[in-house]
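Atom set for the values below is all heavy atoms of this structure, side chains included, hydrogens, waters and symmetry mates excluded.
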Amino acid sequence: MAVPRVVSLVPSLTEAVAASVPGALAGATDWCSHPAELDVVRIGGTKNPDVGHIVRLAPDLVVANEEENREPDLAALRAAGIEVLVTEVRDVPGALRELDRVVRACGAPARPRWLDEAERAWSELPEPPRRRTAVVPVWRRPWMVLGRDTFAGDVLARLGVDNAYAHHADRYPRIPLAELRATAPELVVLPDEPYRFTADDGPEAFPGTPCALVDGRQLTWYGPSLAEAPRVLASTLR
């Protein structure tokens, strides 16, 4: 059976397809940074892909995500006769199910080993020594944090870190810094994407509160990184 031509509009799905079906990817976004040696046509960003360029690549399938990508772009691809597989990922179990669906649709001959390893890593998590409440900014100027029903929030909850805004009406609410501080969190989790928080850009806004700088790929990507994410994040969040 011929390997289908696939265009990925999601960095984590790009990594998953590349690791599972070598040669399937015909195109990926400018933000698709893994694997490092990936050599495919770049088709723009996740929010502003060049739809015409994708159509000219004549893929058999485009893989996307309902949060990462815009419906008008996906509708335009469908109107051009291209099949679009749209994932919905709100928690770890959902990520594992959707990844299995994606790699099968992209022609994986068997369930990839990394997916079994990821499932095992998350099913065998030890009970955290204690639970902590955290604020989790994902942007600055203005400040935006994780709110309800997010994949990253579920990742943290499974590691003993409870999102202070998990029950907010919005999934990514804009919260003034003074209000974030008033929450009096036990921890502030600062990923390096989508905003690149660093030791000099982020922690100084929360004086007196422990801050954990974490690898955004481990926290927000649902792909092969899921196999090592529990170990890497648990170490960083201590």
Side-chain angles (χ1 to χ4, degrees), residues 10-12 46 65-69 87-99 118-119 121-199 201-223 225-238:
V10 184
S12 52
T46 58
N65 175 262
E66 50 88 29
E67 178 180 293
E68 294 256 14
N69 308 120
T87 58
E88 180 177 325
V89 177
R90 302 295 176 88
D91 54 27
V92 172
L96 295 170
R97 288 193 301 271
E98 289 288 61
L99 286 164
E119 193 165 76
W122 285 99
S123 67
E124 297 176 353
L125 279 179
E127 189 70 25
R130 70 185 186 91
R131 303 201 71 82
R132 290 173 290 171
T133 299
V135 163
V136 191
V138 293
W139 201 256
R140 185 171 188 169
R141 305 180 190 94
W143 287 92
M144 295 176 65
V145 300
L146 291 185
R148 64 171 179 83
D149 196 23
T150 66
F151 170 73
D154 184 62
V155 165
L156 290 171
R158 292 170 187 274
L159 297 172
V161 177
D162 296 319
N163 176 17
Y165 289 91
H167 302 293
H168 195 280
D170 298 328
R171 296 185 66 220
Y172 299 97
R174 297 185 179 190
I175 308 292
L177 180 58
E179 184 178 330
L180 295 179
R181 290 171 173 166
T183 303
E186 297 174 81
L187 179 68
V188 177
V189 179
L190 298 168
D192 62 8
E193 64 170 54
Y195 185 91
R196 189 172 181 80
F197 288 105
T198 68
D201 186 357
E204 83 290 343
F206 301 92
T209 302
C211 292
L213 293 163
V214 303
D215 183 341
R217 176 169 166 265
Q218 304 295 337
L219 179 61
T220 66
W221 285 37
Y222 34 88
S225 58
L226 275 173
E228 62 181 8
R231 173 182 56 81
V232 174
L233 289 172
S235 175
T236 308
L237 294 169
R238 283 177 185 165

More than 12 heavy atoms of other groups within 6.0 Å of Arg174 CZ: no

Can you check whether Ala205's main-chain N or O pairs, donor with acceptor, with Arg181's side chain at less than 3.5 Å? yes

Looking at CD of Glu98 and CD of Glu66, how far apart are the two atoms once the value is rounded to the nearest 0.5 Å? 9.0 Å

Would you call Pro137 and Val188 a side-chain contact if the rule is heavy atoms closer than 4.5 Å? yes

Heavy-atom distance under 4.5 Å between the side chains of Asp201 and Arg196, does that happen here? no

Is there a side-chain contact between Pro93 and Asp154, using heavy atoms and a 4.5 Å cut-off? yes

Looking at Ala157, is its backbone amide N or carbonyl O close enough to the side chain of Arg131 to form a donor-acceptor pair, meaning the two atoms are under 3.5 Å apart? yes

Using modelled atom types only, decide if a donor and an acceptor are shared between the side chain of Arg171 and the backbone of Asp149 within a distance under 3.5 Å. yes

Could you state the interatomic distance from CG (Leu190) to CG (Leu219), rounded to the nearest 0.5 Å? 11.0 Å

Output for pair (Leu156 CG, Thr150 OG1), nearest 0.5 Å, gives 8.0 Å

CZ of Arg238: more than 12 outside heavy atoms within 6.0 angstrom? no

Closer than 3.5 angstrom, by distance alone: can the side chain of Glu179 be matched with the main-chain N or O of Leu177 as a donor-acceptor pair? no

Is there a side-chain contact between Val232 and Ser225 (heavy atoms, below 4.5 Å)? no

Is it the case that the side chain of Arg132 and the backbone of Val161 share a donor-acceptor pair, with hydrogens and angles ignored and the cut-off at 3.5 Å? no

Would you say the side chain of Asp192 lies within less than 4.5 Å of the side chain of Asp215, judging by non-hydrogen atoms? yes

Euclidean distance, Leu159 CG relative to Arg231 CZ, rounded to 0.5 Å: 12.5 Å

Under the 3.5 angstrom rule, does the side chain of Asn163 hit a backbone N or O of Gly147 as a donor-acceptor pair? yes

Residue of the set Val189, Leu187, Thr183 for which side chain to side chain contact (heavy atoms under 4.5 Å, CB included) holds with Pro185: Thr183

Examine Tyr165 together with Trp143 and report whether their ring centres are nearer than 6.0 Å. no

Side chains of Thr87 and Asn65: is there a donor and an acceptor less than 3.5 Å apart? yes

Distance in Å, Tyr195 OH paired with Arg141 CZ, rounded so as to fall on 0.5 Å steps: 4.0 Å

Spacing of Ser12 atom OG and Leu226 atom CG [to the nearest 0.5 Å]: 8.5 Å

Please check if the side chain of Asp162 supplies one atom and the backbone of Thr133 the other of a donor-acceptor pair under 3.5 Å. no

Decide yes or no for His168 and Val145: does some side-chain heavy atom of the first lie under 4.5 Å from some side-chain heavy atom of the second? no

So which atom in Pro230 and which in Ala121 form the shortest heavy-atom distance, rounded to 0.1 Å? CG-CB, 4.1 Å

Is the shortest heavy-atom distance from the side chain of Val92 to the side chain of Phe151 under 4.5 Å? yes

Within a strict 4.5 Å, meaning less than it, do heavy atoms of the Leu146 and Tyr172 side chains meet? yes

Of all heavy-atom pairs linking Phe197 and Pro191, the shortest is CD1-O, 3.3 Å

